[in-house]
Structures are given as structure tokens and as C-alpha cells.
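Note sheet for the following structure.
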Amino acid sequence: MIDEISRHEQEARRRLTSVTTLDELKVAETEVLGRRAPLPSLRQRLGSLPPEERREAGKALNDALDSLAAVAAERRAALEEAERTEKLQ
């Protein structure tokens with residue numbers, strides 16, 4: 001499951017960093033962080049894992065989601081700054 005989490009995180013990171021507008025970012029956030037997105041939906045499978053694996057997979061999943069939320073926030077800040085700069089010109 002750790003490999004699956006890592007794979008989904010990499011794909012989601014690429015998706016978030018490839019957006020060029022705030023509207024695209026909103027869509028991407030829903031795609032990668034929304035309730036039905038691949039990573040959050042993996043949380044449902046944690047219960048079927050043995051306790052030790054569950055702990056490791058849960059930590060990896062939480063770390064991946066936190067990291068992606070930070071990437072989205074950074075991308076939002078960059079896009080908002082670019083939008084402000086464009087309006088000033």
C-alpha cells in the first residue's frame with residue numbers, strides 16, 4: 001500500500017504543479033484531495049491491514065495528504081501573485 005500511496009502522491013503533485021490558473025487549481029485540488037480522490041479513498045482500506053502495516057500506511061497517507069495540501073497552497077500563492085502582477089501592468 002505504501003507504494004500505491006507514493007505513486008498516487010507523485011501523480012497528484014504533477015497535477016497540482018501543472019495548473020496555470022486559479023480555476024484549474026480548484027479543479028485539481030478536488031481531483032487530488034477531494035473525498036473521492038485516490039489518496040483519500042485509500043483511507044477506507046486501512047482498516048483491512050494488519051495493525052503494524054496500518055500504522056505505517058496511515059502515517060504515509062497522512063504525510064502525503066499534508067504534503068499535497070502544502071503544494072496546493074504554494075501553487076495558489078504563486079498564481080495569486082502572478083494575477084496581482086498582471087493586473088498592475
Side-chain angles (χ1 to χ4, degrees):
M1 180 176 247
I2 301 288
D3 292 338
E4 189 174 0
I5 291 169
S6 178
R7 181 174 48 81
H8 284 302
E9 180 184 11
Q10 290 173 0
E11 291 170 7
R13 186 177 301 276
R14 277 193 296 274
R15 175 73 175 107
L16 289 171
T17 57
S18 69
V19 300
T20 58
T21 68
L22 289 170
D23 289 336
E24 287 178 9
L25 180 60
K26 287 178 188 176
V27 171
E29 283 180 302
T30 301
E31 290 174 358
V32 301
L33 297 172
R35 286 184 11 201
R36 293 191 175 123
L39 279 174
S41 66
L42 287 176
R43 194 177 307 274
Q44 297 170 351
R45 291 181 27 206
L46 289 177
S48 66
L49 297 175
E52 185 59 35
E53 283 183 49
R54 186 181 319 139
R55 191 173 307 116
E56 290 177 28
K59 181 175 179 352
L61 182 57
N62 287 336
D63 290 346
L65 291 170
D66 290 345
S67 174
L68 292 171
V71 168
E74 289 172 14
R75 190 67 183 140
R76 174 174 280 105
L79 291 171
E80 287 172 346
E81 178 64 28
E83 193 175 272
R84 278 192 299 274
T85 302
E86 187 177 310
K87 285 181 181 179
L88 292 175
Q89 292 181 351

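Just so we're clear, the structure is a prediction, and the values are computed from it rather than from any experiment.
With respect to Glu24 and Arg15, no salt bridge is recorded, no charged nitrogen being found less than 4.0 Å from a carboxylate O. Between Asp3 and Arg7 there is no salt bridge, since no side-chain N of the basic residue sits under 4.0 Å from a carboxylate O of the acidic one. Residues Glu81 and Arg84 are paired through a salt bridge, judged by an N-O separation under 4.0 Å between the basic side chain and the carboxylate.
Across all non-hydrogen atoms, the minimal contact from Thr20 to Leu79 is O-CD2, 3.5 Å. What you find for Met1 and Leu42 is that their closest heavy atoms are CE-O, 3.8 Å. The shortest non-hydrogen separation linking Leu68 to Glu9 is CD2-O, 3.8 Å. When all heavy atoms of Leu46 and Ala57 are compared, the closest pair comes out as CD2-CB, 3.6 Å. Considering every non-hydrogen atom in both Ala37 and Glu31, the closest pair reads CB-O, 3.0 Å. Listed here is the closest heavy atom pair of Val32 and Pro40: O-CD, 3.9 Å.
Side-chain contact between Leu65 and Arg43: present, with at least one pair of heavy atoms (C-beta onward) separated by less than 4.5 Å. Taking 4.5 Å as the limit, every side-chain heavy atom of Arg54 sits out of range of all side-chain heavy atoms of Pro50.
Atom OG of Ser18 sits about 10.0 Å away from atom CG of Leu25, to the nearest 0.5 Å. The line from OG of Ser41 to CG of Leu61 is 9.0 Å long, rounded to the nearest 0.5 Å.
For Arg75, there are no side chain to side chain donor-acceptor pair (under 3.5 Å) partners at least two apart in sequence or on another chain.
Of the candidates Val71, Val19, Leu16, Leu16 is the only one forming a side-chain contact (heavy atoms from CB on, under 4.5 Å) with Glu29. Only one option out of Glu86, Glu80, Lys87 pairs with Glu83 in a side-chain contact (heavy atoms from CB on, under 4.5 Å); it is Lys87.
Note on Ile5 and Leu49: same hydrophobic cluster, where clusters join Ile, Leu, Val, Met, Phe, Trp and Tyr whose side-chain heavy atoms are under 4.5 Å apart, directly or indirectly.
In this structure, Val27 shares a hydrophobic cluster with no other residue, the cluster being traced through Ile, Leu, Val, Met, Phe, Trp and Tyr side chains under 4.5 angstrom apart.
A side-chain N or O of Ser67 and one of Arg13 form a donor-acceptor pair less than 3.5 Å apart.
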Steps toward side-chain contact (heavy atoms from CB on, under 4.5 Å) verdict (Glu52, Arg55): CA-CA 5 Å; Glu52 185 59 35; Arg55 191 173 307 116; 2.7 Å; yes
